[in-house]
There are 2 protein chains.
Amino acid sequence: MGSSSNHLKRPTIHDVAREAGVSKSTVSRVLNNRGYASPETIARVEEAVADLNYIPQASARGLVSQQTNTVGFAVNDLSSLFMPPLLSSIESTIRTAGYKMLIATVGHQAESASDLPLGPHNTDGLVAFADAYSNRQIIQFCEQGYPVVLLHRSPPAGVECPCVNIENTSSTRALINHLIRVHHKRRIVFLRGPKDQQDSLEREEGYRQALEENDLAVDPALIAVGGFNADIAEQATHELLDASVPFDAVFAGDDEAAVGVIRALRDRSLSVPEDVAVVGFDDDYRAADIDPALTTVSVPFDEIGEEAAQALISYIEHGHITSKVVSTEVVVRRSCGC
Amino acid sequence: MGSSSNHLKRPTIHDVAREAGVSKSTVSRVLNNRGYASPETIARVEEAVADLNYIPQASARGLVSQQTNTVGFAVNDLSSLFMPPLLSSIESTIRTAGYKMLIATVGHQAESASDLPLGPHNTDGLVAFADAYSNRQIIQFCEQGYPVVLLHRSPPAGVECPCVNIENTSSTRALINHLIRVHHKRRIVFLRGPKDQQDSLEREEGYRQALEENDLAVDPALIAVGGFNADIAEQATHELLDASVPFDAVFAGDDEAAVGVIRALRDRSLSVPEDVAVVGFDDDYRAADIDPALTTVSVPFDEIGEEAAQALISYIEHGHITSKVVSTEVVVRRSCGC
DNA sequence: CTGAAAGCGCTAACAG
DNA sequence: CTGTTAGCGCTTTCAG
């Protein structure tokens, strides 16, 4: 491997030292401005650095300092629509703090340890999205004292670990209440997200609470799986229709799924919101522009990303462990009937 | 920095060697399966590795091997809607090839070299999106023999460098021809993307060619800046309307801008496509679901990402330099009048 | 088949 | 204020 054509050897600190007529340690000192150095020495070193176009090698620094100045971001799927704001805010926050960002999609399976994609061997800490890492792995990280911040999930029992979550239950309750009280919907479908995902569980809880509050029974026939995914939700909607389960509204679990539900409904010549109201969760990029404009719950992904990144940095640098639940808010548009 | 609570020291190769009763070199050999080792030695080492939960430290490996097994992806903006498929395909391709992915947004300004976010000091190569890096920097990378693959842009004059681009001109020409020939549009606005961006330039060229082909003059009053951005495009549309420039169609430059154009038109009580046809470029996530469904040009971002990643890997590992133009295709929906 | 020894590029005491 | 001296954890000749 690594046999490209013309590899000009990159200059080392030694070359800079020679060029500037000083020792390596002096060069190191001025580069990290640690300790004093005479103004003219500094100038000579800086000139040599510029001349040779010298940049210190990250692995050499990392080896001696035992820090990578890199943080990881582990996700299950990079292609979700809320990733752009999330990634963008995390990246900019950690960059401002002087770190680099290593990204990996983690399949929850490849945990043969030997090829852990992100961990203490290559990062100073990481943000773990939802169920990218297993409980076992998270516990192990915590016990090792390796900084991890959980995103969209809570710590496993018994470990203390910073996390940032969103408010799911009460906003879902408000959303469903709107459907029931304002639009007089009675048979509301709920589409679950991926199995055991905390957001999905909490949204289901909000759904149940709203029904209860209004003395509506929870009909198991109205609960299906949308997987936070348009295709799965589209399919699920068709199945509900095929089974002749009567319903007058759908809470799709998230916006992605809502798009699938709307497609299926249209396909069956049902109109939204007249025949069936559809609501989502996330208020993603497209929510305001699709037809009909989607009633949903807005989630400030950029704020979440910034909080998570900030929490990680403060954990890494000061050992502070801080958690946060960011609030969300119902956004009423046309798809609910308004 | 780095003073978290309870840092249990991670095991080193030395600990594994002691635990397994062999030397460090033997452990290294079995871990990288280089050279022979007796089956029982292998077993003992593997057991020790598992027991101690040992993972080799990336910087130590990198220092000695002079490879990081990491590639960079440099973008100007992580929050674009085509990032998810692009990131996802790049990440999965390079992960399959055994690399990690370091991501950075590069502001084209912070090139004080000393803090180059991605470069030979921390990666084995990188994919550079559009104008994330300046010509000067790209040339320097090439001269150093540092592998760079350009995405959505061509190499600066004089350097040879793999790149993957999309077909802009002919698909734009086809798109505009459709507006002219099928829908009899005569005054078609073109909204430029970011200054000097190659995609924007090529799309403008396609626009001009189509007009010429149909003996229509290019009216400078119909060319404005949409910046590949909804807000800017919305604003630009309002300005055109305010200036009473007559037009019957808009090619927004990309889908993002098209959404902004549609918003502005609606705001002025103009109907799309009846009063004004609107077309975009990219066929992003929302294009099919907005109102009206957007006529656009579909761009296979996942294919592009995979090609770029593949090109980079083959450059890094074999020194092969291969370029590619991926083809795009007009997708006719409702917003053009169909 | 395995161990000893050297060194990757850098930083961090410690003297001067 | 600056140079000398040790390593950081790992891979890799080179002997055995």
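Proteins come first, then strands; the chains are lettered A, B, ... in the order of their sequence lines, and each starts at number 1.
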Less than 3.5 Å apart, which donor and acceptor atoms pair up between the side chains of residues 150-161 of chain A and the rest of the protein, not counting sequence neighbours?
{"from": "A:His152", "atom 1": "ND1", "to": "A:Asp199", "atom 2": "OD2", "distance (Å)": "2.6"}
{"from": "A:Arg153", "atom 1": "NH1", "to": "A:Asn135", "atom 2": "OD1", "distance (Å)": "3.4"}
{"from": "A:Arg153", "atom 1": "NH2", "to": "A:Asn135", "atom 2": "OD1", "distance (Å)": "2.7"}
{"from": "A:Ser154", "atom 1": "OG", "to": "A:Gln198", "atom 2": "OE1", "distance (Å)": "3.3"}
{"from": "A:Ser154", "atom 1": "OG", "to": "A:Gln198", "atom 2": "NE2", "distance (Å)": "2.9"}

For A:Arg34, enumerate each residue passing the salt bridge (charged side-chain N to carboxylate O under 4.0 Å, His left out) test, keeping only those at least two apart in sequence or located in another chain.
->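 A:Arg34 satisfies salt bridge (charged side-chain N to carboxylate O under 4.0 Å, His left out) with no other residue.
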Not counting sequence neighbours, which residues clear salt bridge (charged side-chain N to carboxylate O under 4.0 Å, His left out) with B:Asp302? List them please.
-> none
Which nucleotide span of DNA chain C, 5' end to 3' end, has atoms closer than 4.0 Å to non-hydrogen atoms of chain B?
-> C:dC1 to C:dG9
Send over the distance from [X] [atom1] to [N] [atom2], rounded to a whole Å.
X: B:Gln66; N: D:dT11; atom1: CD; atom2: P; answer: 14 Å
X: B:Ile55; N: D:dC10; atom1: CD1; atom2: C1'; answer: 15 Å
X: A:Leu63; N: D:dT11; atom1: CG; atom2: P; answer: 12 Å

Which pairs, with at least one residue in residues 86-105 of chain B and sequence neighbours excluded, count as a salt bridge (charged side-chain N to carboxylate O under 4.0 Å, His left out)?
->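 Residue pairs passing salt bridge (charged side-chain N to carboxylate O under 4.0 Å, His left out), neighbours aside: B:Glu91-B:Arg95.
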Tell me the salt bridge (charged side-chain N to carboxylate O under 4.0 Å, His left out) pairs involving residues 15-24 of chain A, sequence neighbours left out?
-> A:Asp15-A:Arg18
Which is true for B:Thr41 with a 4.0 Å heavy-atom rule: it touches a base, it touches only sugar-phosphate, or it touches nothing?
-> sugar-phosphate
For the helix from C:dC1-D:dG16 to C:dG16-D:dC1, measure the angle between the helix axis at one end and the axis at the other, each built from five pairs, rounding to 10°.
->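 Both end axes considered, the difference amounts to 30°.
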Taking only residues two or more places apart in sequence or in another chain, which ones pass side chain to side chain contact (heavy atoms under 4.5 Å, CB included) with [X]?
X: A:Val64; result: none
X: A:Ala97; result: A:Tyr99, A:Ile313
X: A:Pro120; result: A:Phe141, A:Gln144, A:Tyr146, B:Arg10

Please produce a list of atom pairs where a protein N or O lies less than 3.5 Å from an N or O of nucleotides 12-16 of chain D.
{"from": "D:dT12", "atom 1": "OP2", "to": "B:Arg34", "atom 2": "NE", "distance (Å)": "3.0"}

Is there a side-chain contact between B:Tyr54 and B:Val45, using heavy atoms and a 4.5 Å cut-off?
-> no
Any side-chain heavy-atom pair of B:Phe129 and B:Leu86 under 4.5 Å = yes
Whichever of B:Ala37 and A:Val27 has its nearest DNA chain C nucleotide further upstream toward 5' |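 Going by which nucleotide is closer to the 5' end, it is B:Ala37.
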Residue set satisfying ring-ring contact (aromatic ring centres under 6.0 Å, His included) with A:His320, at least two apart, ordered chain then number -> A:His318
